[in-house]
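Notes follow once the structure below has been shown.
One-based numbering along the sequence shown. Keep in mind it's a predicted model, so treat the numbers as computed, not measured.
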Amino acid sequence: MEPEEEFLDNAVTMTYFARQEIQQFLAWTNSNGPYGQAAAALLLKLDGLTSELKALKRQYEEE
């Protein structure tokens, strides 16, 4: 595996685990409060980042 492929795999994995942690945080806190709203916004950003990383990985693999 090339270093770039390993980086992309690791980055996607980290976003997966970050999402799990934020979801756990949301389970413990009031989702309507300021912390819950901030966490929900982070989930949206994280989902976008994950999609971009997966697209980058596909693009890299096509070369």
With rounding to the nearest 0.5 Å, note down the distance linking [atom1] in [X] to [atom2] in [Y].
X	Y	atom1	atom2	result
Asp47	Leu42	CG	CG	11.0 Å
Leu46	Gln20	CG	CD	10.0 Å
Leu56	Arg58	CG	CZ	10.0 Å
Arg19	Thr50	CZ	OG1	8.0 Å
Lys57	Phe7	NZ	CZ	12.0 Å

Could you tell me whether the side chain of [Y] reaches within less than 4.5 Å of the side chain of [X], counting heavy atoms only?
X	Y	result
Thr29	Phe25	yes
Leu43	Gln23	yes
Glu61	Leu8	no

Between [X] and [Y], which heavy-atom pair has the shortest distance, and what is it?
X	Y	answer
Leu53	Thr15	CD1-CG2, 3.9 Å
Val12	Lys54	CG1-CE, 4.0 Å
Leu26	Gly36	CD2-O, 3.4 Å

Answer with yes or no whether the side chains of Glu4 and Tyr60 bring together a donor and an acceptor at under 3.5 Å.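 Per modelled atom types, Tyr60 and Glu4 side chains form a pair under 3.5 Å.
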